[in-house]
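Below: one structure, written as structure tokens.
First listed ligand is number 1; within each ligand, the first listed atom is number 1.
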Amino acid sequence: MFANPLAPEWLEAPAEANSLASTVWSRNAARSESGELTIAGVSASELVASFGTPLYVVDEADAVARATEIKGAFDTEFARIGSSVKVYYAGKAFLCTEVARWMTAVGLNIDVASAGEMAVALAAGVDASRLGFHGNNKSLSEIDRAVRAGIGPIVIDSVVEIGRVAEAAARHGRTQRVRLRINSGVHASTHEYLATAREDQKFGVPLTEAEAIVAQIRSHSSLEFVGIHSHIGSQIFDTAGFAEAARRLLELHARLSVAAPVPELNLGGGFGIAYTSADQALPVAELAASLANIVEAECARLEIPVPVIAIEPGRSIIGPSTTTLYTAGTIKDVLVDGEAVRKYVSVDGGMSDNLRTALYAADYSARLANRVSDAAPELVRIAGKHCEAGDIVVRAEYLPGDVEPGDIVAVPATGAYGWAMSNNYNYLARPPVVAVRDGKARIIVRGETENDLLSRDAGITPSGDSE
Ligand SMILES: *Cc1c(COP(=O)(O)O)cnc(C)c1O
């Protein structure tokens with residue numbers, strides 16, 4: 001087959017461009033006998049006929065299974081070393097009441113990072129004590145609401161927050177559990193990690209100042225210090241970064257344990273997933289075993305008991321569960337540098353429903369969803385419909401060369417930071433989210449209507465209103 005020189009090195013020209021890589025697609029994605037993409041038994045064309053495009057399709061059983069497996073693997077591995085684990089689902093990846101219920105039903109807690117996220121979790125009926133609260137700039141009113149609601153641990157991110165949380169707790173007659181976020185100096189980028197004295201970013205307090213800051217926290221009778229926290233980054237594929245962060249944190253944890261016991265250590269989230277068939281995510285059992293081994297060895301070396309470990313995965317639970325369906329509109333062959341052709345397939349969404357490609361140059365993959373084709377694979381770029389050259393959904397992929405307007409294009413692994421970062425650029429309406437399970441589809445977040453888009457413009461009288 002023809003390998004297009006415009007293709008990135010990691011993308012191999014395939015013999016056919018119909019297969020669904022099991023590492024990338026949600027578990028219940030398959031091809032029907034006629035060749036259509038089906039998810040949990042519902043075909044792409046049925047979904048599109050009922051709900052239109054763009055459409056986020058969540059494979060419910062896949063999301064629940066990943067949550068269950070992460071919790072199970074960490075429970076097993078940390079029980080083996082005489083400890084236990086609290087798993088917090090990082091709600092910022094994708095939160096709605098339905099997802100909050102799926103997560104808590106299988107024993108996870110939920111992390112929120114704003115009053116809005118907290119409101120969603122509470123509206124789902126999640127007990128406030130099962131919520132962790134993050135953020136480098138929580139407002140006074142957010143802190144007040146959280147404390148009043150009886151929220152679980154608040155992750156203090158700066159010295160100034162200590163007094164703010166302590167006062168809110170005193171005001172509401174509560175003892176507020178808090179963690180302290182540490183800037184461990186370890187930064188994990190996708191395939192490597194860097195360890196410095198202090199990473200140049202906004203989150204947390206420096207390792208070197210942590211002891212004095214914890215002493216300040218402990219001086220407030222309205223605060224209970226639960227332990228330190230660190231989140232070294234996202235979409236991490238190996239455990240070297242976690243290992244280095246765990247070593248640094250456990251040394252601090254041991255020093256802090258001299259004055260008074262420190263019950264927990266929070267290692268954050270950031271476990272990577274496969275967006276394309278070139279990505280190899282670490283199996284969750286291996287990840288859990290490797291983290292448990294690191295923690296066990298370090299605690300033995302420091303002669304301290306193994307603390308209760310908290311982790312905060314978001315992407316690795318919800319990311320692979322979701323597929324976005326689009327309709328192909330216009331198609332152009334663009335001759336690049338007079339040498340090679342890049343086929344631009346434009347779809348009916350883009351950076352408003354998936355910002356990650358424009359924001360991080362993230363890579364995704366894609367397949368035709370309404371049919372298979374034995375046409376020779378051609379290199380395509382899947383672009384959105386926004387007025388921005390960087391409005392790309394999939395930077396490079398091979399699709400059957402006979403892709404045509406009207407085809408349904410499916411982009412897998414869009415569950416994390418897809419809907420969550422969606423926006424109304426160019427006044428596009430945010431698409432609905434549909435959960436599929438056992439051959440049935442139901443809306444879990446409705447799509448926006450044109451009236452939704454106009455409703456906040458003070459100069460527009462809502463249609464149908466007689467005023
Ligand atoms: C974003 C974030 C997470 C989750 O990261 P994922 O890559 O989705 O697993 C966990 N903890 C903190 C503090 C975060 O900011």
#### Entry: R181 charged N/C atom sitting above F203 aromatic ring, 6.0 Å / 45°
yes

### Message
I need the nearest protein heavy-atom contact for atom 7 (O) of ligand 1: residue, atom name and distance, please.
### Response
S234 OG, 2.7 Å

### Query
Counting each atom of ligand 1 from 1 as listed, which ones have a heavy atom of H134 under 4.0 Å away?
13 (C)

### Query
Do H134 and D157 have side-chain atoms, one donor and one acceptor, less than 3.5 Å apart?
no

### Electrostatic pair R247-E251, nearest N-O below 4.0 angstrom
no

### Task
Identify, for atom 1 (C) of ligand 1, the protein heavy atom at the shortest distance, and state residue, atom and that distance.
K92 NZ, 1.2 Å

### Task
Tell me, please, which residues at least two apart from E98 pass side-chain contact (heavy atoms from CB on, under 4.5 Å).
C96, R101, W102, R442, I444

### Query
Just which atoms of ligand 1 are under 4.0 Å from any heavy atom in A90?
3 (C), 4 (C)

#### Entry: Those atoms of ligand 1 less than 4.0 Å from some heavy atom in G269
9 (O), 10 (C)

### Query
Relative to the heavy atoms of R181, which atoms of ligand 1 are at a distance of less than 4.0 Å?
13 (C)

### Task
Please confirm whether G270 comes under 4.0 Å of ligand 1, counting heavy atoms of the residue only.
yes

### Query
Has ligand 1 got any nitrogen or oxygen that is less than 3.5 angstrom from a nitrogen or oxygen of D111?
no

### Query
Quick one: are I311 and F271 in side-chain contact, heavy atoms under 4.5 Å?
yes

### Task
Among all protein heavy atoms, pick the one closest to atom 8 (O) of ligand 1 and tell me residue, atom and distance.
Y417 OH, 2.5 Å

### Message
For P313, state whether at least one heavy atom is located under 4.0 Å from any atom of ligand 1.
### Response
yes

### Query
Distance only, no hydrogens: is a donor on one side chain within 3.5 Å (strictly under) of an acceptor on the other, for D59 and S26?
yes

### atom 10 (C) of ligand 1: the protein heavy-atom neighbour that sits closest, reported with distance to 0.1 Å
E312 O, 3.1 Å

### Message
When you compare the side chain of Q235 with that of Y275, does any pair of heavy atoms fall below 4.5 Å?
### Response
yes

### R315 contact mode with ligand 1 (heavy-atom cut-off under 4.0 Å)
both

### Task
List for me each residue that meets side-chain contact (heavy atoms from CB on, under 4.5 Å) alongside V205, sequence neighbours excluded, and say none if there are none.
L180, I182, I213

### G314 neighbourhood, listing ligand 1 atoms whose heavy-atom distance to it stays under 4.0 Å
6 (P), 8 (O), 9 (O)

### Query
Do I318 and Y89 touch side chain to side chain, with heavy atoms closer than 4.5 Å?
yes

